[in-house]
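Since this is a predicted model, take the numbers as computed values, not measurements.
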Amino acid sequence: MTHRTTPPPRICPHCDGFASAAITLGGRDRHGHLCTITAHCPACNGLGILPARRAKEGARA
């Protein structure tokens, strides 16, 4: 009997795998560093992948 392998994770369709982005706020602090915030994809919570869909039992392949 063959072993079932887990399907590979799917790339998030909302962010195309780029789950986090650094966004500049337009200014610099007193040390000269850019002020940035990190925004995460709300669909995958910043992971870039979604869990693979489970096949329904009895479904056609």
Side-chain angles (χ1 to χ4, degrees):
M1 180 184 273
T2 61
H3 294 283
R4 293 184 181 178
T5 60
T6 57
R10 297 183 311 133
I11 293 177
C12 177
H14 299 279
C15 64
D16 290 327
F18 296 98
S20 298
I23 301 169
T24 62
L25 298 177
R28 294 187 179 263
D29 63 6
R30 60 188 173 124
H31 300 290
H33 301 132
L34 279 174
C35 298
T36 60
I37 59 171
T38 303
H40 298 291
C41 174
C44 64
N45 295 325
L47 295 176
I49 57 173
L50 294 175
R53 294 182 183 177
R54 290 187 68 172
K56 293 181 182 178
E57 191 171 326
R60 293 183 182 174

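Contacts of Ala43 classified as side-chain contact (heavy atoms from CB on, under 4.5 Å), with partners at least two apart in sequence or in another chain: Cys12, His14, Cys41. For His40, the side chain to side chain donor-acceptor pair (under 3.5 Å) partners are Ser20, not counting sequence neighbours. The side-chain contact (heavy atoms from CB on, under 4.5 Å) test applied to Leu47 returns Ile49, not counting sequence neighbours. Every side-chain contact (heavy atoms from CB on, under 4.5 Å) that Leu34 has, sequence neighbours left out, goes to Thr24, Arg28, Thr36. Applying the side-chain contact (heavy atoms from CB on, under 4.5 Å) criterion to Asp16, with sequence neighbours excluded, gives no partner residue.
Nearest heavy-atom pair across Gly48 and Cys44 is N-SG, 3.2 Å.
Residue Ile37 shares its hydrophobic cluster (ILVMFWY side chains chained together at separations under 4.5 Å) with Ile23, Leu25.
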